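Below you'll find the structure, written out as structure tokens, and then a few comments.
For clarity, every value in this text was computed on a predicted model and none was experimentally measured. Letters A, B, ... are given to chains in the order of the sequence lines, protein chains preceding strands, and every chain is numbered from 1.
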Amino acid sequence: MIISFFIAVWLMESCKKNDLENNPAATPLAIVIPPGFPPISDAYLNNPITQEGFDLGKKLFYDGRLSKDGNFGCNTCHQQFAGFATFDHNLSHGFNNQFTTRNAPALANLAWYREFHWDGGIKSLEVQPLAPLTASNEMAETIENVLLKLQQDEDYRKKFKAAFGSEEINSQRMLKALSQFMGMLVSANSKYDQVKQGKNSFTAAEQRGYDVFVQKCSSCHKEPLFTDQSFRNTGLPTDPYLNDNGRMHITHRAEDSLKFKVPSLRNIYVTQPYGHDGRFYSIGAVIDHYRFSVVNGPTTDPLVKNKISMSDFDKLDLLVFLRTLTDSTFLNDKRFAQPQ
Amino acid sequence: MKTKLIIILLLCAGIFAGCSKDKSISKESNQVTLNFRLTANGEPLQPGTNYINGSGETFTVSTFKIYVSSFSFRNVGTSQISNTDPACFLINMQDPASLKANVTLSSGQFNQLVFYVGVDSNRNVSGAQTGSLDPLNGMFWTWNTGYIFAKFEGNSSVSSNIGNSFVYHIGGFRTGENAIRKIILDFPGDQTITSGNIGTEIRLDIDLDRWFTGVNNISIASTPVWMEPGGLSLELADNYATMFSIQDIITP
């Protein structure tokens, strides 16, 4: 009788929402909201960040064992020196000589995002890693197997205990730790940010470029995140091999055909190539697409339908301005670097 | 005095049901056991056995998993309702232990069982979860955040899919794609459960024939594979809602 009550309680407990509790001895860490930034999302209300959770998440992020053959950690496609995008690759390498089907997004300021992936199919950062982990052309693993590998590592057992209070290694703890690490990747100390805070000033060319940016780009690439997180069709002809209809794949609505999430422009000088399939190998090529090559269809965004005209001088100034979005402290921050 | 005691008991049961962190459930709480039996073609479901569906197609079953959740009782005549036990359970053909679930419900006079097939929309977007909702259970779409409510896989010679397999992963919780279904089942023969449910066992059948015929006619040959919200997921959700029936209620 008593046992069955305990079972009843256990079963009731067994699908509660998010009852994970941190190790009470863990050191709290906060995402510092940079001046002028909006509040972060609610994502960390039931996943409070601690130093220990962050350290565990970082170890996981840089661990190739999360992939089938040990070669593909998260950091393989999300490289710090490239703003946590894949440097110089339109698509990323995955298991067994395969490619991904979309360009790896740069990871910065994720705590402000509501949806993830180019098509917004991911509604919580916590569950995002499940996609590359289990995709046969990416890390090609199973969750069971990953957990088995972690459980056999004494350092992981120690780190799980430090973060969550016991050595139990389960998917929820692993995913929350990863989310804690990723949430701390805040990029807000570029020259642009320093100018905005009155600590630095633009050169004349940078200022002119900023003016062009505000006038012609900022409706979609809204400051300070440099994205308004909306989904738009920017008139890119469909690649016949990839045949990617973007957000429509998620919502099944015709009006979402060929729409992709507006990416942030932060650190854009190191995150090349550009576009959901990485088809642009320079920022100049992207700008020229808007100036000359927009292909109009039923869902093409009104803001680009008539193309975005600018002189060659404007374009050069714009390029100079965009360089001010490079945040060297972020790209070199030892806190986010591969653990030694 | 007796009424006051009953009221206090009801209040306690209500508090226990809603407050999942409370581990001190007393002997007076009302535990009901749900005993599920999977059937096909009128007999208990066996993996590997040949069955025939409503379209005359012969098939075998290799995987059948389905989420049921949020159980409560009600009385059609008096409109009395019990608390709702929020727990969700993953019934898995391959795991006999999963065919039995315990819920805690307040006492009263009831003649209907109410529950849901699927996972509520809130839990679909609440991030990483444990227990029956652990992504380890293979019931979560990694590319389109949300739970697979029902997974039905097997083989049929009429299937054009690889290895003659058929694969149905049914889910979806957004407006226009909602595959969550509310199930209301009358107790057989006007039976009611009164004044305390301790030791009560409700035996339910899940009839897989109705996966193919419940409301819409589903043919393996026409559509051997479906793995996303909307479209066939909606048709199959209407079908799977008809699979459940109460065979028997055992009261102590």
Side-chain angles (χ1 to χ4, degrees), chain A residues 1-2 4-21 42-47 114-117 119-135 138 142-147 168 170-179 249-253, chain B residues 16-27 29-33 67 69-70 85-90 100-104 119-120 122-138 140-146 172-177 198-199 228-231 233:
Chain A
M1 194 66 145
I2 296 177
S4 48
F5 288 133
F6 273 65
I7 292 173
V9 171
W10 175 77
L11 281 170
M12 272 177 67
E13 308 263 60
S14 73
C15 75
K16 282 210 305 284
K17 261 201 301 189
N18 274 309
D19 55 337
L20 180 67
E21 269 154 31
D42 285 344
Y44 294 94
L45 286 180
N46 53 27
N47 184 18
R114 295 181 300 267
E115 295 162 309
F116 304 89
H117 282 191
D119 55 19
I122 309 297
K123 300 302 180 207
S124 157
L125 186 59
E126 284 177 19
V127 295
Q128 188 284 334
L130 293 172
L133 266 174
T134 60
E138 298 188 48
T142 66
I143 304 162
E144 290 96 326
N145 233 30
V146 171
L147 294 178
E168 182 185 351
N170 61 32
S171 69
Q172 187 187 49
R173 290 177 167 196
M174 177 185 77
L175 294 169
K176 282 186 181 261
L178 275 166
S179 179
H249 187 47
I250 300 299
T251 65
H252 303 133
R253 292 195 299 253
Chain B
F16 289 142
C19 175
S20 31
K21 276 205 197 296
D22 192 323
K23 294 194 195 293
S24 58
I25 294 188
S26 76
K27 277 198 176 151
S29 63
N30 304 297
Q31 183 191 277
V32 176
T33 302
Y67 277 114
S69 62
S70 300
D85 187 325
C88 57
F89 306 101
L90 179 58
K100 222 172 187 162
N102 289 318
V103 293
T104 303
V119 179
D120 65 83
N122 200 27
R123 285 192 269 214
N124 272 281
V125 294
S126 295
Q129 294 166 76
T130 55
S132 59
L133 294 178
D134 193 323
L136 207 73
N137 291 318
F140 191 77
W141 274 313
T142 60
W143 54 277
N144 186 357
T145 298
F173 60 94
R174 299 194 192 105
T175 316
E177 299 188 329
I198 304 168
E228 55 175 5
S233 269

Quiz item: Which distance, rounded to the nearest 0.5 Å, do you find between the CZ of B:Phe140 and the CD1 of A:Ile143?
Solution: 9.5 Å
Practice problem: Under 4.5 Å, counting heavy-atom pairs only, tell me which of B:Gly138, B:Pro229, B:Ser69, B:Gly146 racks up the most with chain A. | Solution: B:Pro229
Quiz item: Does any heavy atom of chain B fall under 4.5 Å from the side chain of A:Leu147, the backbone, both, or neither of them?
Solution: side chain
Self-check item: A:Ser179, part contacting chain B, at a heavy-atom distance under 4.5 Å
Solution: neither
Practice problem: Taking atom types as modelled, find out whether B:Glu228 and A:His249 have a side-chain donor-acceptor pair closer than 3.5 angstrom. | Solution: no
Quiz item: What is the minimum heavy-atom distance between A:Ser124 and B:Val125, and which atoms define it?
Solution: CB-O, 4.3 Å
Quiz prompt | Residue pair B:Thr130 / A:Ser171, side-chain heavy-atom distance below 4.5 Å | solution = no
Exercise. With a 4.5 Å cut-off on heavy-atom pairs, point out which of A:Glu144, A:Gln128, A:Glu115 contacts chain B the most.
Key: A:Glu144
Practice problem: Would you please name every residue forming a side chain to side chain contact (heavy atoms under 4.5 Å, CB included) with B:Thr33, sequence neighbours left out? | Solution: B:Gln31, B:Lys100, B:Asn102, B:Glu201
Self-check item: Evaluation steps, side chain to side chain contact (heavy atoms under 4.5 Å, CB included), between A:Ile250 and B:Arg174
Solution: CA-CA 11 Å; A:Ile250 300 299; B:Arg174 299 194 192 105; 3.9 Å; yes
Quiz prompt | Counterpart residues, side chain to side chain contact (heavy atoms under 4.5 Å, CB included), relative to A:Ala131 (two or more places apart) | solution = A:His117, B:Thr142
Quiz item: With a 4.5 Å limit on heavy-atom distance, are the side chains of A:Val127 and B:Pro135 in contact?
Solution: no
Self-check item: Minimum heavy-atom distance between A:Ile122 and B:Thr145, given as atom pair plus value
Solution: CA-OG1, 3.1 Å
Quiz item: Atom CG of B:Leu136 and atom OG1 of A:Thr142: how far apart are they, to the nearest 0.5 Å?
Solution: 8.0 Å
